[in-house]
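Scroll down for the structure; my scribbles are underneath it.
If you read the sequence from its start, that first residue is 1, and numbering goes on from there.
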Amino acid sequence: MAGRLLNAARLFSSAGSTRQAFCLQHKVPAVQVVPCQPRSTVSKQKEDSTDLGMPPCDFIPEEYKGISYDRAKEVRGDKLNPGLLTYYRKPIMVHQGHMQWLYDTEGKRYLDLFAGIVTVSVGHCHPKVNAALHDQVDRLWHTTSIYMHPKIHEYAEKLLAKLPDNLQCVYFVNSGSEANDMAMQMARLHTGAYDLVSLRNAYHGMSPQTMGLTSLGNWHYQVPRGFGVHNAVNPDPFRGPWGGKNCRDSPVQTIRDCNCAEGQCHANEMYVEQFNDLLRHGTPKKIAGFFVEGIQGVGGAVQLTNGFIKEAYAATRAKGGVCIFDEVQTGFGRLGSHYWGFETHGVVPDIVTMAKGMGNGFPIAAVITSKEIASTMSQALHFNTFGGNPMSCAVGSAVLDVIDEEGLQAHSAELGTYFLLELAKIRDEFEVVGDVRGKGLMIGFELVTDKESRTPLAGDQVVDIWEDMKDMGVLVGKGGLYGNALRIKPPMCITRDDVDFSLSVLRKALQNNKEKHG
């Protein structure tokens, strides 16, 4: 209980009145929390970045006693999948996590701004989520869904209460790829059509079927893929052929200029026409559906032009297709203004897929749709061994509680806006920062050779900046087709002090790069 209150107090102490006003305006659950005493520094921890103001933390990690670092590297190189992506020139070996912090085997503390690839939503080893898992582990691990067990029914009801009235049937699976794979099958069965559309720069998974939806060349193997899938021009207002200063739903707009009045986006009209042109020339009279992310995650936190999804949905439905919204990275309050990414675009999908933050790191995912569309799956036997197991449902239910009880959606809106506006100041300071974008705590920071050309910054310089941040105690992701976008998507429990520390580290890393490369 003490740990839970400590975390909640950190979330609410910086600007409680602002958060309460936001909660009232947007009907977001809020909570009153008794403030905790300031945390003390822990001298035993190895921290290389106290000069930049790393916030103190009273958590002391356990002493590590497992496999040695060198032996782990040998096993990884010799025994594990050779295609396994490993971050950093000298990889860190993480031993323990606590809320927004990760600890390596040597005891060094890192501020985690990538959250296990946008997966740890409420904090590493959150006490309430841990308690729910421990309680279930001691009672029942697994039966499969062929038997009734309480947790799957309790969780389904609680989760569906967060969604519109037309989305009231859930299929539980284990990962985002699995969810999108199932949504493809469901769309095709329901419509009787086969062709699907996604956007270039999208990522929807790496299963044999979803590899066609994923449209990033550096993720593709030299094998046939995507039969019946068409990839439309991506409405990216920064890197796409059209874009301007009023194009996206973000506190920060692109550096590209345009003549659009406020509230207008002529670029969007061009992208919608490209989408319609694809439907006219590249698809039959009827299609199965259209997949889209509200903000493209792996693609570098790319936001689409305002109004695009709404018009693409109308065009899809006019061709007999269903609209599928991929909430694997954008859902569960991360974007701040709304609980779901689709709400930020003013649309209601026919099918929603979700995973990652749904389980705070525990394997769980879902496909949610209407009862009519879901009924198509009863044409044959369908089964998922681990989908909706008691442990995952206990965890998922606790995650929903924590998001509401600790006001994390409102927190993401408030802190994310502050973070974005401060990052925009850094963009204006450094020529190599081309774009700052995002919403809530889903942020992209794109590096370029210069602002005018928007040419992606050379890979070695991007890696130098990224590695420098790690060495100073801050972990961020890296994405986009060229690997030049820093992905900032932390656990939603981070504080303003954490953000200020991150900004200091980023500015220092950029300054180091400037001094080295000019």
Side-chain angles (χ1 to χ4, degrees), residues 85 117-118 176-177 180 184 196-207 210-221 225-226 229-244 247-250 254 256 265 267-268 270-275 277-279 282 289-309 311-313 316 323-330 335 341-342 344-345 353 356 434-439 442-448 454-457 459 462 477-489:
L85 182 67
I117 314 183
V118 208
S177 291
N180 283 328
M184 293 176 75
L196 291 160
V197 179
S198 69
L199 296 177
R200 296 174 193 171
N201 202 57
Y203 183 92
H204 295 287
M206 286 298 292
S207 70
T210 59
M211 202 179 292
L213 297 174
T214 292
S215 186
L216 287 157
N218 49 355
W219 289 86
H220 287 167
Y221 292 101
R225 65 185 179 278
V229 178
H230 309 266
N231 305 126
V233 173
N234 191 40
D236 177 355
F238 175 69
R239 192 157 290 288
W242 307 286
C247 288
R248 61 192 182 198
D249 178 21
S250 175
T254 74
R256 298 174 75 173
C265 181
N268 184 61
M270 305 298 289
Y271 288 119
V272 169
E273 175 51 33
Q274 287 293 308
F275 186 84
D277 191 67
L278 171 65
L279 294 183
F290 168 54
F291 275 79
V292 71
E293 305 161 88
I295 297 177
Q296 294 177 327
V298 175
V302 171
Q303 290 183 278
L304 313 183
T305 52
N306 287 326
F308 176 82
I309 292 180
E311 296 201 49
Y313 268 28
T316 298
C323 299
I324 304 107
F325 205 98
D326 184 334
E327 292 278 7
V328 170
Q329 295 195 25
T330 54
L335 302 189
F342 66 79
T344 69
H345 293 272
T353 59
K356 288 189 178 285
D435 196 31
V436 171
R437 54 184 175 251
K439 188 174 174 67
M442 189 163 181
I443 297 171
F445 189 87
E446 185 157 348
L447 299 168
V448 296
R454 290 173 282 135
T455 302
L457 188 65
V462 174
K478 193 160 65 70
L481 182 63
Y482 306 102
N484 66 319
L486 301 183
R487 299 170 64 193
I488 300 171
K489 302 160 185 184

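Partner Tyr203 forms a side-chain contact (heavy atoms from CB on, under 4.5 Å) with one of Thr210, Val328, Asp326, Val298 and no other, that one being Val298. Just one of Val233, Ile309, Val292 meets the side-chain contact (heavy atoms from CB on, under 4.5 Å) condition when paired with Leu199; it is Val292.
A donor-acceptor pair is defined here as one N or O able to donate and one able to accept, closer than 3.5 Å; such a pair exists between the side chain of Ser177 and the backbone of Met206. The backbone N or O of Gly244 lies less than 3.5 Å from a partner atom in the side chain of Thr254, making a donor-acceptor pair. Between the side chain of Gln303 and the backbone N or O of Asp249, at least one donor-acceptor pair lies under 3.5 Å. In this structure a side-chain-to-backbone donor-acceptor pair under 3.5 Å is present from Arg256 to Phe238. Distance alone, capped at 3.5 Å, places no donor-acceptor pair between the Asn201 side chain and the Asn234 backbone. Using a distance-only test at 3.5 Å, with no hydrogens or angles considered, no donor-acceptor pair links the side chain of Tyr271 to the main chain of Pro237. Of the possible polar contacts, none joining the Asn231 side chain to the Arg200 backbone as a donor-acceptor pair under 3.5 Å is found. Listed for the Lys489 side chain is a donor-acceptor partner under 3.5 Å among the backbone atoms of Gly297.
By the side-chain hydrogen bond (donor to acceptor under 3.5 Å, both in side chains) test, Glu273 pairs with Arg280, sequence neighbours left out. For Lys356, there are no salt bridge (Lys or Arg N to Asp or Glu O under 4.0 Å) partners at least two apart in sequence or on another chain.
Annotation: the span from Arg454 atom CZ to Asp435 atom CG amounts to 9.5 Å, rounded to 0.5 Å. The distance from atom CD of Glu293 to atom CD of Glu327, rounded to the nearest 0.5 Å, is 10.0 Å.
Using modelled atom types and a 3.5 Å distance limit, the side chains of Asp236 and Gln296 yield no donor-acceptor pair.
Taking the six-membered ring for Trp and thresholds of 30 and 60 degrees, Phe275 and Phe290 have ring planes more than 60 degrees apart, a perpendicular arrangement.
By the 4.0 Å N-to-carboxylate-O rule, Glu446 lies close enough to Arg437 to be salt-bridged with it.
Considering only heavy atoms from C-beta on, Val229 stays 4.5 Å or farther from Ser215 through its side chain.
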